[in-house]
Amino acid sequence: MSETIQGLKRSHYCGTLNKSHVGQEVTVMGWVYRRRDHGGVIFVDLRDREGLVQVVLNPDMGDEFFQKAETVRNEFVLAVVGKVRPRPEGSTNSNLKTGEIEIVAHELRILSTAKTTPFYITDDVDVDENIRLKYRYLDLRRPIMQKNLVLRHNTVKAIRDYFSDHGFLEIETPILTKSSPEGARDYLVPSRLKRGAFYALPQSPQLFKQLLMVAGYDRYFQVARCFRDEDLRADRQPEFTQLDAEMSFVEREDVLNIMEDMIAQVFKSALNMEIKTPFPRLSYQEAMDRFGVDKPDMRFGLELVDVSEEIKDSSFKVFAQIISQGGQVKGINAKGCGKFSRKDIDDLTKYVGIYGAKGLAYIIMTEDGIKSPIAKFFTEEQLNKIVSKMQGKSGDLLLFVADEPSVVAASLGHLRLELGKRLNLINEEELNFLWVVDFPLFEYDKEEKRWTAMHHPFTSPVEEDIPLMESDPGKVRARAYDMILNGVEIGGGSIRIHRRYVQEKMFEALGLSTDEAQEKFGYLMDAFEYGVPPHGGIAFGIDRLVMLMAKRNTIRDVIAFPKTQSAVDLMSQAPSEVSAKQLKELNIKVDNS
RNA sequence: GGAGCUGUGGUGUAGUGGCCUAACAUGCCUGCCUGUCACGCAGGAGAUCGCGAGUUCGACUCUCGUCAGCUCCGCCA
């Protein structure tokens, strides 16, 4: 039995009512959060997106009214007309924003009944994510989720306001685009009109925004949906939203300055938080050396210490050999962890194993000196040097990984984060912004045995490194930059190449012939023949940014309708099979072998 | 492609070879109850223990496979 809304107009959101409304006649509409039926009087907590208000349903409003009131259940949608009054002495509820008042209903309409929901619509339920995602519309009713999406709205609005106020134009770029072999795996869309041909969904608007620079729209931004057909993570969805921006006639500092100012403004508008600018800048090399990752979380210490020099002459063959083969030995001083059990250390060993470390050597610092299975390989002098370099004190646990630099960095970098979490060293209230700059322009692909672009092939090298592009590609620094917040990369970009001879050197270093470059990036290359301004830009991951702002652990909590780890939408069941007719129109046959 | 964790009434959990004819909380239904706010009280319904094989006299429990969710490695210019 559902009634119409006819003749009724909502006057207030439930959650906004307070003492100032006492005496007013109000009309509220919302969902039944909870009902308390006392036989005589029935209390209903009515919920809308602004919060809860208590509605009092009294039998003296008539039999018809009260019989209807008795049928009300959780999550029914009601319209209530009534008078706001202060709650009686002693029955106020300080846990509720609206706890000083209540609405005495004189008209009640059940706009919609509801089945019993599969889970309770409240913040403090820990329901299996399977069920949350299947009934996402119910999950999204929960106040915490509504808060997340409101924050997301406010964030995006602040972003749009900031860029508009600073002369940027929001310009849309195509969703159906050309597949490019570089980068992530493309999502493909078959063309009906051109048999056997496919569009690709954009991984980012990268080339289009550079073309907009060529076209003279010298400050561009876009809140752009991007698609990458790669495996998912807590902070990676197959479709995600980028804040994409590009500027002409700028150098690196111009981009960094305006972007950190923008972020500070966004935090101010959306969270009323003051962010100090400028952000600290760290070179890629320093980040790797000290933290083992290119997106360090600097809210705590436990930095990596290189002890290769101190260890190379020891009689510990395993370490000495690794060093002689170009490897290194680095360590972390896990302050105060000297009491870790054998099992604790085994767990950590297993943990670094994930990142390729073959072992985890350790030294326990005790009152009576050093306890360590590897101590016997070192002279007392060598041990003293290692301990002093790592500032080891009694009660500490020194942990070491010896391997090639990339493995040492990855394993100790992640071990550092794990220890930071376990030891509760991270202040969750702190916002640690920084820029990582001077990334390498190239990285070596061991499988393909060639240099590839670390960022993308249009990233400009640092001017004085250009001569190295031929002689020593690994040493060339890029004019690229990442913005890091609490150890999460929230944005990245670069100053682009705008000079032809640099671009040619770039393709040469990547092993691309002129013809190949023309085939892959022809339209951009053509455009660059017609007057291209120096330009650079950045793209932010809005999902990640909002996730951090909302203090959530996964971007799924700030995306209305996310997909599971196997890229399925449990609510709509996408992706799904399509009809034979649809396939035929597209000239597609499915190979089920 | 790989590793780990999880899967038991609607929901959250307990049960680790026979004591299970599966327990507890909550939700749901019925009745009572006029000041509750996690209302209360009484009663009731609700589960072939993710699915499929196997081991066993006997499997929620052990083994293998499989499916789903999560976390991670690879991947993500």
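Sequence lines set the chain letters: A, B, ... in the order given, protein chains first and strands last, and positions in each chain run from 1.
One atom, CG of Asp347(A), and another, P of G4(B), lie 15 Å apart when rounded to the nearest Å. Arg236(A) has its CZ atom 4 Å from the C1' atom of C76(B), to the nearest Å. Atom CD of Gln237(A) and atom P of C70(B) are 9 Å apart (whole Å). Between Leu232(A) atom CG and G69(B) atom P the separation is 11 Å, expressed in whole Å. Between the CD1 atom of Ile121(A) and the P atom of C28(B) there is a distance of 12 Å, given to the nearest Å. Nucleotide C33(B) holds its P atom 12 Å from the CD1 atom of Ile42(A), rounded to whole Å. For the pair Asp60(A) CG and G35(B) C1', the interatomic distance rounds to 14 Å; values are reported in whole Å. With rounding to whole Å, Asp569(A) atom CG is found 11 Å from G69(B) atom P.
Between the side chain of Ser179(A) and the backbone N or O of Ala200(A), no donor-acceptor pair lies under 3.5 Å. Arg142(A) places a side-chain N or O within 3.5 Å of a backbone atom of Thr122(A) that can act as its donor or acceptor partner.
Ion pairing between a basic and an acidic side chain is recognised when a charged N comes within 4.0 Å of a carboxylate O; Asp569(A) and Lys563(A) show no such pairing.
Counting any heavy atom pair closer than 4.0 Å across all strands shown, Arg544(A) reaches no nucleic acid atom. Using a 4.0 Å heavy-atom criterion, one finds that Ser411(A) contacts no nucleic acid atom at all. Within 4.0 Å of Glu102(A), counting heavy atoms only, lies at least one base atom of the nucleic acid. Using a 4.0 Å heavy-atom cutoff across all strands shown, Thr564(A) reaches sugar-phosphate atoms only and no base atom.
Here, A22(B) and G46(B) have their P atoms 11 Å apart, quoted to the whole Å. Comparing the C1' positions of G31(B) and G69(B) gives a spacing of 41 Å, expressed to the nearest Å. When the P atom is compared between C70(B) and U8(B), the two are found 16 Å apart, to the nearest whole Å. Rounded to a whole angstrom, the distance from the C1' atom of C39(B) to that of U48(B) is 37 Å. Across the P atoms, U66(B) and C28(B) are found 41 Å apart, a figure rounded to whole Å. Rounded to whole Å, the separation between the C1' atoms of G43(B) and C33(B) comes to 15 Å. If you take atom P in U56(B) and the same atom in A45(B), they sit 39 Å apart, rounded to whole Å. Taking the C1' atoms as reference points, A14(B) lies 24 Å from G4(B), given to the whole Å.
Proximity note for Pro59(A) (side chain, C-beta onward) versus U34(B), G1(B), G12(B): the nearest is U34(B). Between A68(B), C37(B), G35(B), one nucleotide has an atom nearer to the side chain of Phe43(A) than all others, and that is G35(B). When distances run from any side-chain atom of Pro118(A) to the nucleotides G10(B), C72(B), C70(B), the shortest one goes to G10(B). Checked against G12(B), C75(B), C72(B), the side chain of Asp231(A) finds its nearest nucleotide in C75(B). Of the candidates U36(B), U71(B), C75(B), U36(B) carries the atom nearest the Gln54(A) side chain, counting heavy atoms from C-beta on. Here G69(B) is the nucleotide among C72(B), G35(B), G69(B) with the atom lying nearest to any side-chain atom of Leu570(A). With C73(B), C37(B), G27(B) as the choices, the nucleotide that has an atom nearest any side-chain atom of Thr116(A) turns out to be G27(B).
Annotation: Tyr351(A) is not in aromatic contact with His414(A) [ring centroid separation under 6.0 Å not met]. Checked against a 6.0 Å centroid threshold, the rings of His12(A) and His21(A) count as neighbours. Taking the six-membered ring for Trp and the full ring otherwise, Phe521(A) and Phe458(A) have centroids separated by under 6.0 Å.
Between Phe119(A) and U11(B), no base-stacking contact is recorded for ring centres under 5.5 Å apart and planes less than 30° from parallel.
Under 4.0 angstrom from either OP1 or OP2 of G35(B) there lies no side-chain N or O belonging to Asn93(A). Put simply, Arg73(A) has a side-chain N or O that comes within less than 4.0 Å of OP1 or OP2 on C29(B). An OP1 or OP2 oxygen of G69(B) is reached within less than 4.0 angstrom by a side-chain nitrogen or oxygen of Ser566(A). Taking only side-chain nitrogens and oxygens, Arg556(A) comes nearer than 4.0 Å to OP1 or OP2 of U71(B).
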Would you sort out whether Leu348(A) and Leu419(A) count as a side chain to side chain contact (heavy atoms under 4.5 Å, CB included), showing the intermediate values? CA-CA 9 Å; Leu348(A) 297 178; Leu419(A) 286 169; 4.2 Å; yes

Just do the side chain to side chain contact (heavy atoms under 4.5 Å, CB included) check on Val32(A) and Glu75(A) with the steps written out, would you? CA-CA 5 Å; Val32(A) 175; Glu75(A) 299 307 318; 5.9 Å; no

Base versus backbone protein contacts along nucleotides 39-45 of chain B [heavy-atom cut-off under 4.0 Å; B, S, -]: B------

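Annotation: side chain of Arg185(A) is not in contact with side chain of Gln203(A) (no heavy-atom distance under 4.5 Å). In this structure, Pro205(A) and Cys226(A) have side chains that are in contact, with non-hydrogen atoms separated by less than 4.5 Å.
Searching all strands for a Watson-Crick or G-U wobble partner of C5(B) with both distances below 3.5 Å returns G69(B). Figure legend. A23(B) is base-paired to U13(B); pairs are counted as Watson-Crick or G-U wobble with both atom distances under 3.5 Å. Pairing of G74(B), defined by two Watson-Crick or G-U wobble distances under 3.5 Å, is not identified with any nucleotide. Using the Watson-Crick or G-U wobble rule with both distances under 3.5 Å, C60(B) pairs with nothing in any strand shown. When both distances must be under 3.5 Å, the Watson-Crick or G-U wobble mate of U30(B) is A42(B).
For Arg228(A) and C75(B), a side-chain-to-base donor-acceptor distance below 3.5 Å is absent, hydrogens and geometry of angles not being considered. Between the side chain of Arg85(A) and the base of G35(B), a donor-acceptor pair under 3.5 Å is found.
A cation-pi arrangement is found for Arg416(A) relative to Phe300(A), the charged atom lying closer than 6.0 Å to the ring centre and inside a 45° cone about the ring normal.
Where Ile131(A) and Arg233(A) each meet RNA chain B at their nearest nucleotide, the meeting point lying more 5' is that of Ile131(A). Annotation: of the two residues near RNA chain B, Pro457(A) and Val568(A), the 5′-most nearest-nucleotide partner is Val568(A).
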